[in-house]
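What follows is a single structure, written as structure tokens, with notes after it.
It should be emphasised that the depicted structure is a prediction, and the values quoted were computed from it without experimental measurement. Proteins get letters first, then strands, A, B, ... in listed order; numbering begins at 1 in each.
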Amino acid sequence: MSGLTIGEILNFLAAPFVASLILTGIHSYLGVHVVERGVIFVDLSLAQIAALGATIAILLPFSSGDPHAPSVYWVSLLFTFIGAAIFSMIRGKRARIPQEAIIGISYAVASAAAILAMSKSTSESEHLKDMLVGNIIAVSWPEVGETAALYAAVGIFHYIFRKQFLSISMNHDRVEAAGLNVKWWDFLFYASFGFVVTSSVAIAGVLLVFCYLIVPSVAAMLYADTIGKRLAIGWTMGTVVSALGVYLSLVLDLPTGATIVCTFGLALVLMAIVRVLIPRTNGRQTQSLGFSGSEM
Amino acid sequence: MVMKKLLQATAAAIALLGGTEAFAAIKVMTTTQDLASIVAEVGGDKVAVESIAKGYQDPHFVEAKPSFIIKLHTADLLVVVGRDLEIGWLPPLITQSRNPKIQPGGPGYFDASQTVKILDMPAGQITRAMGDVHPSGNPHYWLDPGNGRRIAQALQAKLTALSQGDAAYFAHRYADFDRRLAEGQKRWNAAMAPYKGAKIVTYHRSWTNFADAFSLEVIGYVEPKPGIPPSPRHTLELEQEMKRQNVKILLVDPYFDMKTPKAIGRDTGAKVLMMPPSVGGVPEAGNYIALFDYDINLLVSTMKQMGTQ
């Protein structure tokens, strides 16, 4: 292709590939929580709330219209935390309204509010949406480095408090009965989650982030019950699909993000078919991958 | 000695197969097919030119593919429309190409808007009271044939700077393009003469330079602001204005949603015309001059049919 050696071409795809591995790492883990809690669309909703914050910040005079100004980042983070606070407040023990409904409403209202904000802007807002949403093929090494450091910090935070986070995700009512301040821990969960999602959307786009979050976790549920096994399967799947997706996007010359998303879909279908074909009795054993993390 | 001769013969044979020629050509990437067409007119076979966006795509939004970055990496020259048209997708591609030549300000970065006639430029300080403004002017300037000539002229100088030996060749190619473009302008102006001052409405602010070049008057836009869907009040006001001023033509670029324009057409009796704003937008508009031939022909035949004065 264009007289470049394979090595040079791979060199261009190295940063997107490493970025996709970082996304796999944190999102497969957070996805287990999200799927367990049944708040599938919370990432879309938080990402949209963050985008609304960024849009408003860009339109305010202090950012001077630059989408990459620090003030824009902080305002969008503030909005994310407000969203996290809302989501942690709405889950009551006897709540009659499903949490997913509030999440959906927040998504729709935040999206529409961003359109209203743009329609009131004096400067050209045509490209605002694109400038807020990243494209994984165009990710740079400094961005990869920053993201890795940020996510490592979030990962350590979640590892230290894994007992609280996991027990709330797996069995909310019992933990609340045991006297843990669930609302506070939920806020910390959604805040750290929103923090990760906002940064991920900025480098990889909404669709891809949603896939990294949900698909590995759902695929793992087909084969395993314990958190450790699910994580192992999710991480393996995410890594293989990322590599395959980046490769396919190169040889077929297709948009990289969308190619990875579709590869995720295909991989999930294949794994589901294999799951049906494998007899149930020895299915558990063949898929355990020798990873025993049930104590995590 | 024999060995050396054999090697020389092999090298000559490879050169004859076209290897050397392709190697010597200036590799040019453009963001749109309009610019690619003008580069090809001036550069001839001394350039190998390719466009990132295709003519039927909206140049505001382009989905990045791996091949774009790889092609930008090896390019000698990148020609962009500028005026923020590609701001949503091009800057990260340029950075990631890791090609120092084509970085903004580099010797291989060419902003085609630098020498052309730009419309919709805000005068003086931009304030909130001015409403919707394009801070750097309207980026759809290539739809004025005069601007096509200005781009070609600037490109002739740029290509000459990159390949001094071909100066006469580029000058000759430019003169030929200039002559054919002038003939085209005579043709188009004659066809449009009966419709001088005709009032039109466009979807996006993409036909401002076209209207300026052919003495049409754009009295309104379907989108109140670029990228923002029309509000009911805006649409109603536009329809009233169109009826009052007897506007018969509504121009829409192929990639915009036809629902609102069609509703406006039904309400006002105006003809909704899908007109390609770029080379490659339809197969007939294969190059810069053919684009105007196609668009003018389409517009004139519609106006004739509608009885526009």
Item to check | A:V139 versus chain B, the contacting section by heavy-atom distance below 4.5 Å | outcome: backbone

Checklist entry - With a 6.0 Å cut-off on ring centres, are B:H204 and B:Y221 close enough? => result no

Checklist entry - Does the ring centre of A:F210 sit less than 6.0 Å away from the ring centre of A:F41? => result yes

Checklist entry - Do B:F61 and B:Y255 have ring centroids that are under 6.0 Å from one another? => result no

Item to check | chain A contact via B:S231 - side chain, backbone, both or neither, heavy atoms under 4.5 Å | outcome: neither

Checklist entry - Where does A:L254 contact chain B at under 4.5 Å (heavy atoms): side chain, backbone, both or neither? => result backbone

Next on the checklist: Whether B:R83 engages the ring of B:Y141 as a cation-pi pair (distance to the six-membered ring centre under 6.0 angstrom, angle to the ring normal within 45°) should be assessed.
Outcome noted: no

